[in-house]
Protein chains: 2
Amino acid sequence: MTATTTSAAPPRGRIDKRAAILGAALRTFVQDGYGLARVERIAELAGVAKPTVYNHFGDKETLFRAVILDGAQRTSDQIVAALETLPDDGADLAGALARVAQKVIDCQLGEEGWSLQRLMYAEAARFPDLFDDALRRGGVRVHNALAGRLARLSNRGHLHLADPDVAAGHLLALVSGDLPVLSALGTRKVAPDDLRRAIAAGVDTFMRAFASGPGPSAQPVAGRRTRPATGPPR
Amino acid sequence: MTATTTSAAPPRGRIDKRAAILGAALRTFVQDGYGLARVERIAELAGVAKPTVYNHFGDKETLFRAVILDGAQRTSDQIVAALETLPDDGADLAGALARVAQKVIDCQLGEEGWSLQRLMYAEAARFPDLFDDALRRGGVRVHNALAGRLARLSNRGHLHLADPDVAAGHLLALVSGDLPVLSALGTRKVAPDDLRRAIAAGVDTFMRAFASGPGPSAQPVAGRRTRPATGPPR
DNA sequence: CGTCTATTGAACGAATGAGTCCAATACCTT
DNA sequence: AAGGTATTGGACTCATTCGTTCAATAGACG
């Protein structure tokens, strides 16, 4: 019946439904939170019928988990790639750090980055194991990549790091500490100038603390807890 | 367990229902998120009838806003009070900073602190204005209190700060940057030793950057920190 | 060309939860 | 002691949404 005359119908064929669903789900979950997100809306946004969603992922919770893990993977891939661009020679170290920090933060500020972060904060209480998984897939890789990079710089004498792991954490904290406020938890677009200033200030403090100063004052850490420093002294 | 003794019938009288509701609401919202939190459950947890909740606060959203603002106020009161204990003389500055940081973080790690933070992250997309209000009531006051304290130390020569505002942000970032990971976004109890170590490391980096002689680059941050009041995007 | 699988639209059942109404009751004030 | 007010429990309305079912269809493939 209705021998529908071919055209005017959206292409029903098998495209990449799965990816479309994941994307739509991310947007929806982010906007409404897990509880209020409607599966039907996700389907609609993905240009897909609701049963198709249930065909691919069993139920809402499974879909949610897939969204988080998939996103964490992709975002951290981007960030790690950005970190690769940090040169090993110490030329204009501050500038190089600022540039790489800018890239990293751009990844985090992209639609996906903040959205994911907010989602994880939001639902951490309900899906504690999920956060652990995402951290393993995301944060840890970023942290290690940066720590490795910094260790190299330290080995070559361009930085004085007792512990590259700690330094990596501190650098990340310094350059991105203002982000939540600047972006109002990701709900506001950050003025590029504000961001640049924040990054510059963070890198500046980092350099003050860890750059091999021209002077003899390579002050060793006072009252340091014994922590296996993966980075040997200069 | 409500403190009241006696018989099977819970004391029906007018006690501090409002506070009880706010507390129960915080716990519930935190656990389930705004969308999935059930008002009936809040009432039950507060030892109160559901209509009473609606008598005090008009509806779910109003209740939520009250929870956030009230919590932000109280938490930041605590933190500001803790900051007052930072001495102005430079004796054992690192130790003093670590102690005050410990207090501040304790406030943030308490049931209320993390819960609130997670809640705001979670629902920032749906209640953007609410976050601004909470920030004004909470974060800004903490930041200013710390900046004032640091400025004093700087004036007396115990620190070398080009911009106490920036330094305050950096100190907070350094000592609490590891918190999300350590506590798994507030879902895991942080080992006191790990926390102490993280704080000590943060303070140590801060001291390296700002305690010794005037660093190589003492560039004061150019622009004043202005609040983009719902400014035009891009 | 004929078959098979993924997809579609639409509707359905069941459950859930916001917000309201009301008569009964406990506390506070005068 | 009397009267007013806040509170209570529970039932009720109404809307929403998860997850499912089913016949019809579009493209893939031998």
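Below, chains carry the letters A, B, ... as their sequence lines are ordered, and counting in each starts from 1. Just so you know, these numbers come straight off a predicted model, no measurement behind them.
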Among C:dT20, C:dG17, D:dC18, the nucleotide that comes nearest once only the side chain of B:R38 is considered: C:dG17

Side-chain N or O of B:T52 closer than 4.0 Å to phosphate OP1/OP2 of D:dT8: yes

Short N-O contact, B:D129 and B:R65, less than 4.0 angstrom: yes

Sugar-phosphate only, base, or nothing, as touched by B:A43 at under 4.0 Å among non-hydrogen atoms: nothing

Side-chain N or O of B:K17 closer than 4.0 Å to phosphate OP1/OP2 of D:dT8: yes

Name of the residue among B:L119, B:L179, B:V30 meeting side chain to side chain contact (heavy atoms under 4.5 Å, CB included) with B:W114: B:L179

Nucleotide nearest B:A49 (side chain, heavy atoms from C-beta), chosen from D:dT8, C:dT20, D:dT20: D:dT8

Length of the CG-C1' vector between B:N55 and D:dG9, whole Å: 13 Å

Separation of atom NZ in B:K60 from atom P in D:dA15, rounded to whole Å: 18 Å

Geometric class of the A:Y121/B:Y121 ring pair [parallel <30°, tilted 30-60°, perpendicular >60°]: parallel

Quiz item: A:K50 side-chain donor-acceptor pair to C:dG9 base, under 3.5 Å: no

salt_bridge(B:K50, B:E44) N-O dist < 4.0 Å: no

SB check B:R188 A:D132 (cutoff 4.0 Å): yes

Side-chain N,O (B:H56) to OP1/OP2 (D:dA6) below 4.0 Å: no

Length of the line joining A:E61:CD and D:dT17:P, which is rounded to integer Å: 19 Å

First encountered from the 5' end of DNA chain D, between A:L36 and A:G58: A:L36

Sugar-phosphate, base or nothing in reach of A:G35, heavy atoms under 4.0 Å: nothing

Whole-Å gap separating C1' (D:dG9) and CD (B:E44): 13 Å

Nearest-neighbour nucleotide for the B:P51 side chain, D:dG19, D:dG10, C:dG19 considered: D:dG10

Distance, rounded to the nearest Å, where B:E40 contributes CD and C:dT20 contributes P: 15 Å

